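Quick caveat: nothing in here was measured; it's all calculated off a predicted structure.
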Amino acid sequence: MPHFSRDSDSDQHARTPFHRHNSVHKLLGGGKVADILLWKNRNLSAGVLAGATLIWFLFDVVEYNIIPLLCQIAIISMIVIFIWSNVAPLFDRAPPRIPEVIISEHAFKETALAIHHKLVHIVPVLYDIACGKDLKKFLLVVGFLLVLSAIGSSCSFTSLLYIGFMCAHTLPVLHQRYETEVDHLVARGSEDIKKFYKKVDSNLFNKIPRGPVKTKVK
């Protein structure tokens, strides 16, 4: 049966929708990604934003194809390395070397383990939502997917990724700066949504006839 949270629990979560004892930095993982999203290092965050904007401009506005772009980048890189390798001995400089960070086995393992850890936690949650154990979450996910489908049909995939990146790059820092106002609005919206679901549950779902439960005979 669909499960709805109790009033006492909902009131407690409505007062603290983001659980203030957990900071936004911890909610984002507490690593370098969180530092970038919260603009702890403004130069690095601005560089990431500029790089994402450049990629979106090349693929969506200029309509570059990814294969020619990668080939041109590889050609330019090879020419630069060729010139650097042949000119470096003339000026008593060391030839270029590939940084260990790019081909580090430890970095690849950490990335794979992080992705696996996220999937292990996300897949069971999505499965429980799809089974309808929590009707509120089920309807919210379906509504979100419908909105995402409508947005995706009106813009390209690159623009959709860029919009998502911009939201992830700006909303956390705005929430951290205006936390009190945002929490107040979210609490009010959460209360309105819960009242709406309770009305739907009492006026619609409770009127659906259900057959008698059959007991299994061993």
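With values rounded to the nearest 0.5 angstrom, Glu181 atom CD is found 11.5 Å from Leu174 atom CG. In this structure, Arg42 CZ and Leu49 CG are separated by 13.5 Å, a value rounded to the nearest 0.5 Å. Note that CD1 of Ile36 and CG of Asn41 are 8.5 Å apart. Values are rounded to the nearest 0.5 Å. Rounding to the nearest 0.5 Å places CD of Gln72 at 6.5 Å from CD1 of Ile76. Taking CG of Leu70 as the start and CD1 of Ile75 as the end, the distance is 11.0 Å to the nearest 0.5 Å. Rounded to the nearest 0.5 Å, atoms OG1 (Thr180) and NE2 (His175) are 9.0 Å apart.
Across every non-hydrogen atom of Trp56 and Ser159, the tightest pair is NE1-OG, 3.3 Å. Shown here for Pro172 and Cys167, the closest heavy-atom pair between the two residues is CD-O, 3.6 Å.
Residues Val62 and Phe57 form a side-chain contact, since some pair of their non-hydrogen atoms from C-beta on lies under 4.5 Å apart. Thr53 has its side chain out of reach of Phe165: every pair of non-hydrogen atoms, C-beta onward, lies at least 4.5 Å apart. Within the 4.5 Å cutoff, side-chain heavy atoms of Tyr162 are placed close to those of Met166. Within the 4.5 Å cutoff, the side chain of Leu171 has no heavy atoms near those of the Leu37 side chain.
In this structure a side-chain-to-backbone donor-acceptor pair under 3.5 Å is missing from Ser85 to Phe82. Under the 3.5 Å distance criterion, the side-chain polar atoms of His169 are matched with a main-chain donor or acceptor of Ser45.
Leu126 and Phe144 sit in two unconnected hydrophobic clusters of ILVMFWY residues. Membership requires side-chain heavy atoms under 4.5 Å apart, directly or through other members. Following chains of ILVMFWY side-chain contacts shorter than 4.5 Å, one cannot reach Ile55 starting from Ile163, and the two form parts of different hydrophobic clusters. A continuous path of Ile, Leu, Val, Met, Phe, Trp and Tyr side chains, each step under 4.5 Å between heavy atoms, connects Val61 with Tyr64, placing both in one hydrophobic cluster. Ile129 and Ile122 are members of different hydrophobic clusters when ILVMFWY side chains are connected at heavy-atom separations under 4.5 Å. In the hydrophobic clustering of this structure, Leu145 groups with Val147; members are Ile, Leu, Val, Met, Phe, Trp, Tyr whose side-chain heavy atoms approach within less than 4.5 Å, directly or through other members.
Under a cut-off of 6.0 angstrom, the local environment of CD1 in Ile67 is sparse, with at most 12 non-hydrogen atoms contributed by other residues, nucleotides or ligands. The 12-atom threshold is exceeded at CD1 of Ile73, counting heavy atoms of other residues, nucleotides or ligands nearer than 6.0 Å.
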Item to check | Candidate pair Asp35 and Leu44, rule side-chain contact (heavy atoms from CB on, under 4.5 Å), full reasoning | outcome: CA-CA 9 Å; Asp35 294 338; Leu44 181 59; over 6 Å; no

Checklist entry - Run the side-chain contact (heavy atoms from CB on, under 4.5 Å) check on Phe59 and Ile66 step by step: do they pass? => result CA-CA 8 Å; Phe59 287 112; Ile66 186 169; 3.8 Å; yes

